[in-house]
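Since the structure comes first, as structure tokens, the remarks are kept for the end.
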Amino acid sequence: NGTVPDTVPPTANLTTASGSVTGPFDVAVGFDESVSGLDLADFSVVNGSAGTLSGFGTDYTLNVSPTTSGTVSITLPADSAQDAAGNGNLASNTLDVTYTAPPVWTELAFDDFESGWGSYSDGGSDCSLYTGGTYAHQGNAAADIQDNSGSGSSFVLTNDLNLDSPGYTELKVDFWYYPVSMENGEDFLLQYSSNGGSTWTTVRSWARGADFQNNQFYQESVAINEGSFTFSPNVKIRFVCDASDNNDDVYLDEIRISAK
């Protein structure tokens with residue numbers, strides 16, 4: 001009795017943990033019998049790229065990086081791997097995964113005050129454009145707010161931001177500041193308005209003693225989420241000093257407003 005030769009090709013099945021992803025993902029590559037000769041370049045990936053391949057025998061893992069939002073399709077063509085008898089595999093199923101790219105931050109305004117107020121308007125007598133260099137984080141200029149005269153101790157975005165139509169869900173305000181002669185407990189505020197400046201809500205405050213000491217630079221990044229604030233077509237932000245006299249100053253520089 002002679003030995004019957006093995007002429008049955010191995011089968012390959014591609015699976016993944018989730019059909020929807022927001023970044024690189026792993027594909028489980030399973031064969032119904034042990035194979036060899038499988039290579040990263042054997043896989044066909046549409047709207048993505050194959051990054052790494054690991055495993056042996058019947059079980060392998062392929063890492064895939066999507067390219068753009070949409071469907072990423074992965075297949076393993078026939079004859080990419082062989083069993084012990086030299087039979088090439090049958091073509092695998094086509095695995096489709098939906099990729100949604102993470103939102104990208106869009107810069108809405110950036111001001112370093114080197115050419116003037118830029119996107120902002122001076123609120124009043126206790127706000128000025130500083131050009132002395134020492135208290136500017138870069139260059140020579142910064143916005144200077146002092147005392148506690150309400151809008152007079154503030155500077156505000158001149159034009160409204162439309163956060164509604166683009167469908168933004170998060171606003172981010174990054175800036176540097178340098179406090180001078182602020183007394184313990186005195187603070188300054190970042191405020192938000194959804195009605196063009198008619199009313200204001202304090203997003204965050206920074207107080208001497210709790211958040212800063214005088215005569216040094218600090219960097220801040222503040223997130224404002226749609227779940228907590230109304231994202232309308234008429235959004236403004238402003239910085240307000242809440243100190244006690246004209247010798248209490250906060251210098252702000254490199255203010256960047258971004259949304260996604």
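All residue numbers refer to positions in the sequence shown, counting from 1. Note: hydrogens, waters and symmetry copies are ignored here, and every other heavy atom, side chains too, is used.
For Phe212 and Trp206, the gap between ring centers reaches or exceeds 6.0 Å. Aromatic pair Tyr135/Tyr130: ring centres closer than 6.0 Å.
In the model, Ser73 has a side-chain atom that pairs as donor or acceptor with a side-chain atom of Asp96 under 3.5 Å. When only modelled atom types and interatomic distance are considered, Ser232 and Asn234 share no side-chain donor-acceptor pair under 3.5 Å. No side-chain N or O of Thr61 forms a donor-acceptor pair with one of Asp26 less than 3.5 Å apart. Looking only at atom types and distance, the side chain of Asn63 has no donor-acceptor partner in the side chain of Thr52 under 3.5 Å away.
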- Message: If you apply the rule side-chain hydrogen bond (donor to acceptor under 3.5 Å, both in side chains), what do you find for Asn225 with Ser228, and how did you get there?
- Response: CA-CA 6 Å; Asn225 295 301; Ser228 302; 5.5 Å; no
* To do: Step by step, work out the side-chain contact (heavy atoms from CB on, under 4.5 Å) result for Tyr120 and Arg238.
  => CA-CA 9 Å; Tyr120 295 88; Arg238 71 176 182 180; over 6 Å; no
For this session: Dump the intermediate steps for ring-ring contact (aromatic ring centres under 6.0 Å, His included) on Phe239 and Phe175, then the final yes or no.
Result: CA-CA 11 Å; Phe239 290 89; Phe175 63 95; 5.0 Å; yes
Exercise for the section: Would you sort out whether Leu163 and Leu108 count as a side-chain contact (heavy atoms from CB on, under 4.5 Å), showing the intermediate values? Expected result: CA-CA 10 Å; Leu163 303 186; Leu108 304 181; 3.9 Å; yes
Where do Ser121 and Thr158 land on the side-chain hydrogen bond (donor to acceptor under 3.5 Å, both in side chains) test, with the steps shown first?
CA-CA 5 Å; Ser121 295; Thr158 304; 2.6 Å; yes
Check your understanding: Would Asn162 and Val235 count as a side-chain contact (heavy atoms from CB on, under 4.5 Å) if you check the C-alpha gap in whole Å, the side-chain angles of each, and the deciding distance to 0.1 Å?
Key -> CA-CA 6 Å; Asn162 182 1; Val235 169; over 6 Å; no
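Considering OG1 of Thr58 and CG of Asp32, their distance stands at 9.5 Å, rounded to 0.5 Å. Taken from CG in Asp211 to OG in Ser205, the straight-line distance is 7.0 Å, to the nearest 0.5 Å. Phe25 CZ to Leu95 CG: the interatomic distance, rounded to the nearest 0.5 Å, is 6.5 Å. In this structure, OG in Ser125 is found 8.0 Å from CD in Gln146, a value given to the nearest 0.5 Å. With values rounded to the nearest 0.5 angstrom, Asp59 atom CG is found 10.5 Å from Ser54 atom OG. To the nearest 0.5 Å, the span separating CD1 on Ile255 from CD on Glu220 amounts to 12.5 Å.
Between Phe155 and Phe113, the ring planes are perpendicular. Angles over 60° get that label, and only those under 30° would be called parallel.
Under a 3.5 Å cut-off, the side chain of Ser69 and the backbone N or O of Thr100 do not form any donor-acceptor pair. Put simply, the side chain of Asn89 gets close to the backbone of Ala81: a donor and an acceptor are under 3.5 Å apart. Between the Asn93 side chain and the Leu14 main chain, a donor and an acceptor come within less than 3.5 Å of each other. Not one N or O on the side chain of Thr75 forms a donor-acceptor pair closer than 3.5 Å with the backbone of Pro77. In this structure a side-chain-to-backbone donor-acceptor pair under 3.5 Å is present from Asn214 to Met182. In this structure, Ser153 contributes its side chain and Ser149 its backbone to a donor-acceptor pair below 3.5 Å. At distances below 3.5 Å, at least one donor-acceptor pair connects side-chain atoms of Asn195 with backbone N or O atoms of Thr199. Here the side chain of Tyr218 pairs no donor or acceptor atom with the backbone of Tyr178 at under 3.5 angstrom. Looking at Asn47, its side chain does come within 3.5 Å of a backbone N or O of Thr68 through a donor-acceptor pair. The backbone N or O of Gly37 lies less than 3.5 Å from no partner atom in the side chain of Gln82, so there is not a single donor-acceptor pair.
Counting heavy atoms from C-beta on, the side chains of Val173 and Ile237 come closer than 4.5 Å. Looking only at side-chain heavy atoms (C-beta outward), Arg204 and Leu189 stay at 4.5 Å or farther from each other. Using a 4.5 Å heavy-atom cutoff, the side chains of Phe188 and Val250 are in contact. Two residues are said to be in side-chain contact when any heavy atoms from C-beta on lie closer than 4.5 Å; Val240 and Ile145 fail this criterion.
Sequence neighbours left out, the pairs with a member in residues 140-160 that pass salt bridge (Lys or Arg N to Asp or Glu O under 4.0 Å) are Asp160-Lys236.
For the side-chain hydrogen bond (donor to acceptor under 3.5 Å, both in side chains) with Arg208, the lone residue among Glu183, Gln213, Glu186 that qualifies is Gln213. The one candidate from Asp248, Asn246, Asp249 that meets the side-chain contact (heavy atoms from CB on, under 4.5 Å) condition with Asp126 is Asn246.
For the residue pair Ile257 and Leu171, the shortest heavy atom distance occurs at CG2-CD1, 3.7 Å. When all heavy atoms of Pro66 and Val72 are compared, the pair lying nearest together is CB-CG2, 3.9 Å.
The hydrophobic cluster containing Leu90 does not contain Val27, counting ILVMFWY residues as joined when their side-chain heavy atoms lie under 4.5 angstrom apart, directly or transitively.
Comment: Glu107 engages Arg256 in a salt bridge, judged by a side-chain N to carboxylate O separation of less than 4.0 angstrom.
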